[in-house]
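Working notes for the structure below.
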Amino acid sequence: MTPLVVVLWLLNVTLDTVGQLSFKAAAGDPEAGDGMARWKYMLARPWIWVGVVSYVAEFLVWIAFLSLVDLSEGVLLGSINIVVVMIAGRILFRERLTPLRVTGILLVTAGVAIVGVAGGG
Amino acid sequence: MKHARFYAIGFTILVLFDTLVQLSFKYAGDHAFPPEANWAWIVRVFGHPWIYVAVIGYVGNFFTWMTLLKHAPIGPAFAVTHLEVVSVMLFSAWLFNEPLTWPRVLGATVIVAGIICLAFAETGAHPEHDAPTEAKGALGVAAGD
């Protein structure tokens, strides 16, 4: 992997994490209410917009990333997003981290490492 | 039995949409090659039909996902949406002649094992309508995607 590929990969996981956590923050706000009022409430606050901007940027970064690596390698390396978002979610929203989750996180990370190192990382 | 068929068809459609989206992203990126941090590159990306196929696939993916989630438990749903790594690998080997190297096959196997663990961890861990943050990736990848 060239330095540019690594930068795009890191940028992708960062944007994905920021985007997903922002949407979670917007959707999980207990004061948002229901129906149309909920949407008005969410659109008037920054989190949903932070999420949208992150996703648009991620979309472009991901296309750039995929044009530099094999697609099969790209999607495997992209699996790290699951792990990072999960850990960030657990920290920020105090979601539980059970032994089974830790095992899953370690396995996905190990799989990504195998692909990344073999790819010349 | 009726539900089993509903899920089987629904999840198959979901994986196919996910796969189509990733293949389209790859085609779009290849057409716009080389990637540059400027407007010209963005114009090249949107100047080919593939990016629009990706968007259509993404919309289809979204509605399939929302329909399934109405009934399907979050754990298996989470797992299936990330199993596209396998289907994308197979299609990449076929369409782009990408080699199915041992590290890729081994890496994919370990990742899928991890996803299955996470799926079991999600099952029953969340009340309805309280999907975990990472339940659905942005671009149908791992999210990332």
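Letters go in sequence order (proteins before strands), and every chain restarts at 1.
Of the listed residues (Tyr27(B), Trp41(B), Phe96(B), Phe91(B)), the greatest number of heavy-atom pairs within a distance under 4.5 Å of chain A belongs to Trp41(B). Most heavy-atom pairs under 4.5 Å with chain B: of the set Ile114(A), Leu100(A), Val84(A), this distinction falls to Leu100(A). Of the listed residues (Thr103(A), Leu68(A), Leu4(A)), the one with the most heavy-atom contacts under 4.5 Å to chain B is Leu68(A). Top candidate by heavy-atom pairs under 4.5 Å with chain A, chosen from Ala113(B), Ala28(B), Ser92(B), Ala54(B), is Ser92(B). Most heavy-atom pairs under 4.5 Å with chain B, from the set Ile63(A), Leu71(A), Leu77(A): that is Leu71(A).
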Apply the test side chain to side chain donor-acceptor pair (under 3.5 Å) to residues Thr19(B) and Glu84(B): give CA-CA distance (whole Å), side-chain angles for both, the deciding distance (0.1 Å), then the verdict. CA-CA 6 Å; Thr19(B) 308; Glu84(B) 103 232 345; over 6 Å; no
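For Ile51(B), the part lying under 4.5 angstrom from a heavy atom of chain A is the side chain only. Within the 4.5 angstrom heavy-atom criterion, only backbone atoms of Val69(A) (N, CA, C, O) approach chain B. Contacts of Ile42(B) with chain A are made by side-chain atoms alone, with heavy-atom separations under 4.5 Å and no backbone atom involved. Using a 4.5 Å cut-off between heavy atoms, Trp102(B) makes no contact with chain A at all. Neither the backbone nor the side chain of Leu15(A) comes within contact range of chain B; no heavy atom of the residue lies under 4.5 Å from a heavy atom of that chain.
Residue Asn81(A) is tested with Thr17(A), Asn12(A), Thr14(A) for a side-chain hydrogen bond (donor to acceptor under 3.5 Å, both in side chains); the sole match is Asn12(A).
Between the Asp70(A) side chain and the Ser72(A) main chain, no donor and acceptor come within less than 3.5 Å of each other. Without hydrogens or angle criteria, Trp50(B) side chain to Lys26(B) main chain gives no donor-acceptor distance under 3.5 Å.
The OG1 atom of Thr64(B) lies 6.0 Å from the CD1 atom of Ile13(B); values are rounded to the nearest 0.5 Å.
In this pair, His31(B) and His48(B) present their aromatic rings parallel. The plane angle is below 30°, not in the 30 to 60° band.
Residues Met89(B) and Glu73(A) are not in side-chain contact: their nearest non-hydrogen atoms beyond the backbone lie 4.5 Å or more apart.
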